Peer 1: 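I have a structure I would like to understand better, so I am pasting it below and will then ask my questions one at a time.
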Amino acid sequence: MGTRSAIGYQLPSGSINAVYCHWDGYPKHQVPILIEHYNSLEKVKALIKPGSMSCLRTDHTWTPSEVRDPQPLYHWERGNDGPWAVSNSDYGDLPHEMPSLESAKQYWNDNDCEYMYVFIPDLGWNHHPL
């Protein structure tokens, strides 16, 4: 069972743009990775632009014998054929924009996420149990 989370950033309007992450979403795992590798708004935007992910940082791919440098494992990488197709999932591939932090927390909680991580420009990462 994965510890599901949402990862995103706050826009100047106060709205939240975020994506779904399936595995290892607990703070002890996610926070150090986010702080070390995604410590600017540009890096966070690049992280979530490809859409939902299976894991925030891994050297695995969807091919069992293949490894690569540690990076996110995005759902789109497994293709849109067969039982793992994600193009019509509840979470969707692309980032979701919610008008406020509270509406984002409610949306991701309703979609079975346990935590939400939000990068706030000039402040850094905040995490919220859902």
Side-chain angles (χ1 to χ4, degrees):
M1 181 95 167
T3 303
R4 298 163 302 278
S5 63
I7 301 171
Y9 61 92
Q10 186 176 51
L11 288 90
S13 65
S15 62
I16 305 295
N17 204 15
V19 296
Y20 173 76
C21 181
H22 187 75
W23 295 106
D24 301 325
Y26 50 95
K28 191 173 183 178
H29 180 265
Q30 299 291 65
V31 171
I33 295 170
L34 292 168
I35 289 171
E36 181 177 348
H37 298 282
Y38 304 100
N39 51 18
S40 71
L41 183 57
E42 293 75 26
K43 290 178 181 179
V44 177
K45 285 181 176 182
L47 169 67
I48 73 164
K49 184 177 181 180
S52 62
M53 61 191 84
S54 181
C55 185
L56 177 59
R57 190 161 175 85
T58 183
D59 61 0
H60 296 283
T61 70
W62 293 107
T63 304
S65 61
E66 189 177 318
V67 294
R68 62 186 180 186
D69 290 336
Q71 59 190 280
L73 180 59
Y74 294 101
H75 288 149
W76 68 264
E77 294 179 80
R78 65 183 166 196
N80 285 328
D81 297 331
W84 294 106
V86 295
S87 60
N88 293 319
S89 74
D90 290 338
Y91 309 116
D93 277 337
L94 300 176
H96 292 270
E97 186 174 333
M98 298 291 133
S100 67
L101 176 61
E102 288 307 312
S103 63
K105 287 167 63 173
Q106 185 64 54
Y107 175 82
W108 292 110
N109 182 58
D110 289 349
N111 283 282
D112 297 323
C113 288
E114 298 169 64
Y115 297 95
M116 186 172 71
Y117 301 91
V118 178
F119 185 85
I120 301 174
D122 299 323
L123 293 177
W125 286 102
N126 287 287
H127 75 276
H128 306 274
L130 302 176

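Excluded from the calculations below are hydrogen atoms, water molecules and symmetry mates; all remaining heavy atoms, backbone and side chain alike, are included. Throughout, residue positions are numbered sequentially from 1 according to the sequence presented. Predicted model, so just to flag it, every value in this text is computed and none were measured.
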Peer 1: Taking ring pair (Phe, Tyr, Trp, His ring centres under 6.0 Å) as the test, write out the residues that go with F119, two or more places apart.
Peer 2: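 For F119 the ring pair (Phe, Tyr, Trp, His ring centres under 6.0 Å) partners, ignoring immediate neighbours, are W125.
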
Peer 1: My understanding is that only residues two or more places apart in sequence, or in another chain, count here; which of them pass side-chain contact (heavy atoms from CB on, under 4.5 Å) with S65?
Peer 2: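 Testing S65 for side-chain contact (heavy atoms from CB on, under 4.5 Å), a comparison that skips the adjacent residues, returns T63.
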
Peer 1: Does the side chain of L101 come within less than 4.5 Å of H128's, by heavy atoms?
Peer 2: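 Touching, per the 4.5 Å side-chain cut-off.
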
Peer 1: Would you give the length of the straight line joining atom CZ of R4 to atom CH2 of W23, rounded to the nearest 0.5 angstrom?
Peer 2: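 Here the rounded value is 9.5 Å.
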
Peer 1: Look up atom CG in L34 and atom CD1 in I7, then write down how far apart they are to the nearest 0.5 Å.
Peer 2: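 Going from CG on L34 over to CD1 on I7, the span is 5.5 Å.
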
Peer 1: Not counting sequence neighbours, list each pair that qualifies as a salt bridge (Lys or Arg N to Asp or Glu O under 4.0 Å) and has a residue in residues 18-44.
Peer 2: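 Sorted pair list comes back empty.
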
Peer 1: How close do P72 and M53 get, counting heavy atoms only, and between which atoms?
Peer 2: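 Distance-wise, the nearest heavy atoms are CB-SD, 4.2 Å.
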
Peer 1: Among residues at least two apart in sequence or on other chains, which ones pass side-chain contact (heavy atoms from CB on, under 4.5 Å) with H127?
Peer 2: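 Counting only residues at least two positions away or on another chain, H127 forms a side-chain contact (heavy atoms from CB on, under 4.5 Å) with P27, V31, Y117.
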
Peer 1: So, does R68 use its side chain to make a donor-acceptor pair with the main chain of E66 at under 3.5 Å?
Peer 2: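 Absent.
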
Peer 1: To check you understand the geometry: which heavy-atom pair defines the closest contact between W62 and L73, and what is its length?
Peer 2: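 The answer is NE1-CD1, 3.4 Å.
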
Peer 1: Using 0.5 Å steps for rounding, measure from the CG atom of L130 to the CH2 atom of W108.
Peer 2: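 L130 atom CG to W108 atom CH2 measures 10.5 Å (nearest 0.5 Å).
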
Peer 1: Among residues at least two apart in sequence or on other chains, which ones pass side-chain hydrogen bond (donor to acceptor under 3.5 Å, both in side chains) with S103?
Peer 2: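 S103: side-chain hydrogen bond (donor to acceptor under 3.5 Å, both in side chains) contacts with S100.
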
Peer 1: Holding to ring pair (Phe, Tyr, Trp, His ring centres under 6.0 Å), I want the full list of residues that pass it with H60, two or more places apart in sequence or in another chain.
Peer 2: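 Ring pair (Phe, Tyr, Trp, His ring centres under 6.0 Å) check on H60 returns nothing, list empty.
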
Peer 1: If you measure from CE on M98 to CE on M116, what distance do you get to the nearest 0.5 Å?
Peer 2: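 Output value for this atom pair is 10.0 Å.
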
Peer 1: Nearest 0.5 Å, what's the OG-NE2 distance between S5 and H29?
Peer 2: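 Between atom OG of S5 and atom NE2 of H29 there are 10.0 Å.
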
Peer 1: Look at the side-chain heavy atoms of Ile, Leu, Val, Met, Phe, Trp and Tyr, link any pair under 4.5 Å apart, and say whether V67 and L56 land in one connected group.
Peer 2: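 The answer is no; the residues belong to distinct hydrophobic clusters.
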
Peer 1: So do the side chains of Y9 and P121 get within less than 4.5 Å of each other, counting heavy atoms only?
Peer 2: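 A side-chain contact is absent here, since even the closest heavy-atom pair is not under 4.5 Å.
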
Peer 1: List the atom of Y74, the atom of A46, and the distance in Å for their closest heavy-atom pair.
Peer 2: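 Heavy atoms only, the tightest pair is OH-O, 4.1 Å.
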
Peer 1: Report the relative orientation of the aromatic rings in H96 and Y107; use parallel for angles under 30°, tilted for 30 to 60°, perpendicular for over 60°.
Peer 2: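 H96 vs Y107 ring planes: tilted.
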
Peer 1: Taking all atoms of both residues into account, what is the closest heavy-atom pair of P95 and I48, and its distance?
Peer 2: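 So the two residues come closest at CG-O, 3.2 Å.
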
Peer 1: Supply the atom-to-atom distance I16 CD1 to E102 CD, rounded to the nearest 0.5 angstrom.
Peer 2: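 These two atoms lie 10.0 Å from each other.
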
Peer 1: Side chains of E114 and T3: do they bring a donor and an acceptor to under 3.5 Å?
Peer 2: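 Looking only at side-chain atoms, T3 and E114 do not form any donor-acceptor pair under 3.5 Å.
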
Peer 1: What are the two closest non-hydrogen atoms of S54 and C21, and how far apart are they?
Peer 2: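 Where S54 meets C21 most closely, the heavy atoms are O-SG, 4.2 Å.
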
